[in-house]
Protein chains: 2
Amino acid sequence: MSRRSRVDQVERLVGQLFGAVDVLQTHFEQCATELDLTPQQARLLSSSGSPCSQRDLAQQFCCDASNIVGIVDRLEQRGLVVRQPSVHDRRVKQVVLTPDGEALRERFRVALTANMPGLSSLAGAQLDQLEMLLAHFTNTPVST
Amino acid sequence: MSRRSRVDQVERLVGQLFGAVDVLQTHFEQCATELDLTPQQARLLSSSGSPCSQRDLAQQFCCDASNIVGIVDRLEQRGLVVRQPSVHDRRVKQVVLTPDGEALRERFRVALTANMPGLSSLAGAQLDQLEMLLAHFTNTPVST
DNA sequence: TATTGTTATACTCTATAACTATA
DNA sequence: TATAGTTATAGAGTATAACAATA
């Protein structure tokens with residue numbers, strides 16, 4: 001393959017990748033909205049190992065720590081999470097899912113997996129291929 | 001392959017896919033921020049065939065038409081786009097990129113393609129595989 | 001009557017800066 | 001001093017509802 005055609009292919013793939021991102025993002029938002037969650041609330045509910053400091057959440061979200069306050073506030077008002085002061089460091093508050101929070105997290109996970117765009121039309125061997133190819137993305141550190 | 005193991009694989013893939021979405025989204029945001037654009041401003045600048053009504057943009061963005069007003073306002077204030085009343089339907093305003101807008105659109109495209117996470121570590125045959133697999137996502141209509 | 005763009009409103013998410021309580 | 005969480009603030013994106021101009 002010539003150098004030029006690879007460049008062309010990468011160009012095409014960039015467009016295709018962000019097209020797929022758009023589809024997946026929309027799917028995520030729809031699943032969240034159906035459970036009366038904003039995307040970020042659904043993300044927080046889904047993401048963490050349940051006991052997780054707000055600082056760690058900010059790092060996971062690549063955002064300022066102050067933003068986590070509001071998201072946790074609204075989840076806490078709905079009784080989906082609680083703030084537990086850490087016994088080792090009293091500055092730290094662990095965000096822990098309540099039973100209601102765990103239940104909603106599970107409902108969200110099921111909704112997200114069902115009707116997942118793209119995957120249903122893929123055969124087993126293609127799922128294997130996709131799994132290997134995606135590893136190149138999730139293991140690639142974001143260039144600084 | 002048993003039914004059960006396919007379910008497990010899909011579960012893994014869902015997590016992997018949204019991990020990749022996160023990486024790609026972050027890359028998009030970084031490229032936008034470096035050009036002093038918000039992600040939505042960069043999206044509008046990149047997305048459309050340049051003459052495009054605000055109604056069409058709202059459909060592309062899957063959002064209410066009123067949201068487009070503010071995004072176009074801020075791009076117009078920076079001289080990157082102009083609103084042109086349509087000659088065929090005077091209700092419609094076409095959003096058109098200015099030369100500055102076209103230049104910035106191109107700078108963004110180049111930045112987005114360079115250092116694209118994931119792709120640089122893929123060989124040519126793998127790029128072909130990825131291209132075929134991604135077609136299943138971008139061609140899949142979002143379930144309603 | 002229906003549609004396009006707009007405005008007003010309210011909510012969420014975002015970064016920044018300043019504060020508090022702990023370490 | 002440094003760090004975890006908070007508050008205040010300002011800007012951007014979002015949906016909803018109402019409106020003017022046009023079809």
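In what follows, every chain begins at residue 1, and chains take the letters A, B, ... in the order their sequences are listed.
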Could you state the atom-to-atom distance from [atom1] of [X] to [atom2] of [N] in whole Å?
| X | N | atom1 | atom2 | result |
| --- | --- | --- | --- | --- |
| L57(B) | dT3(C) | CG | C1' | 16 Å |
| N67(A) | dG11(D) | CG | C1' | 13 Å |
| R55(A) | dT6(D) | CZ | P | 11 Å |
| Q59(A) | dT3(D) | CD | P | 12 Å |
| D36(B) | dG11(D) | CG | C1' | 13 Å |
| D56(A) | dT3(D) | CG | P | 14 Å |
| L37(B) | dT14(C) | CG | C1' | 16 Å |

Between A65(A) and A65(B), just flag the one whose closest nucleotide in DNA chain D comes earlier from the 5' side.
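Whichever sits nearer the 5' end wins; that is A65(A).
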With sequence neighbours left out, write down each residue that passes side-chain contact (heavy atoms from CB on, under 4.5 Å) with Q59(B), or none if nothing qualifies.
D56(B)
For R55(A), check side-chain hydrogen bond (donor to acceptor under 3.5 Å, both in side chains) against everything at least two apart and list the hits.
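Listed in chain order: nothing, the list is empty.
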Could I get the full list of side-chain hydrogen bond (donor to acceptor under 3.5 Å, both in side chains) partners for E102(B), not counting sequence neighbours?
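Applying side-chain hydrogen bond (donor to acceptor under 3.5 Å, both in side chains) to E102(B) gives none.
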Residues from residues 68-84 of chain B lying under 4.0 Å of DNA chain D - heavy atoms
I71(B), R74(B)
Considering only side-chain heavy atoms of [X], which listed nucleotide, [options], is closest?
| X | options | result |
| --- | --- | --- |
| Q54(A) | dG5(D), dT12(C), dG5(C) | dG5(D) |
| K93(A) | dA4(D), dG5(C), dT6(D) | dT6(D) |
| C63(B) | dG13(D), dC13(C), dA15(D) | dA15(D) |

Generate the contact string for nucleotides 17-23 of chain C. Rules: B means base contact, S means sugar-phosphate contact only, - means no protein heavy atom under 4.0 Å.
----BBS
Suppose clustering is done on Ile, Leu, Val, Met, Phe, Trp and Tyr with side-chain heavy atoms closer than 4.5 Å. Which residues sit in the same group as V82(B)?
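V96(B), all in the cluster of V82(B).
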Partner set under salt bridge (charged side-chain N to carboxylate O under 4.0 Å, His left out) for R74(A), not counting sequence neighbours
none
For D8(B), enumerate each residue passing the salt bridge (charged side-chain N to carboxylate O under 4.0 Å, His left out) test, keeping only those at least two apart in sequence or located in another chain.
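Applying salt bridge (charged side-chain N to carboxylate O under 4.0 Å, His left out) to D8(B) gives R4(B).
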ring-ring contact (aromatic ring centres under 6.0 Å, His included) pairs, two or more places apart, involving residues 103-134 of chain B
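Of all non-adjacent pairs touching residues 103-134 of chain B, those that pass ring-ring contact (aromatic ring centres under 6.0 Å, His included) are F28(B)-F108(B).
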Could you check Q94(B) against C62(A) and say which one's nearest nucleotide on DNA chain C is further toward the 5' end?
Q94(B)
Same apolar cluster: F18(B) and L127(A), side chain cutoff 4.5 Å
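Linked within one cluster.
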Transitively linked via ILVMFWY side-chain contacts under 4.5 Å: L17(A) with M116(A)?
yes
Side-chain N or O of S53(A) less than 4.0 angstrom from OP1 or OP2 on dA4(D)?
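For dA4(D), neither OP1 nor OP2 has a side-chain N or O of S53(A) closer than 4.0 Å.
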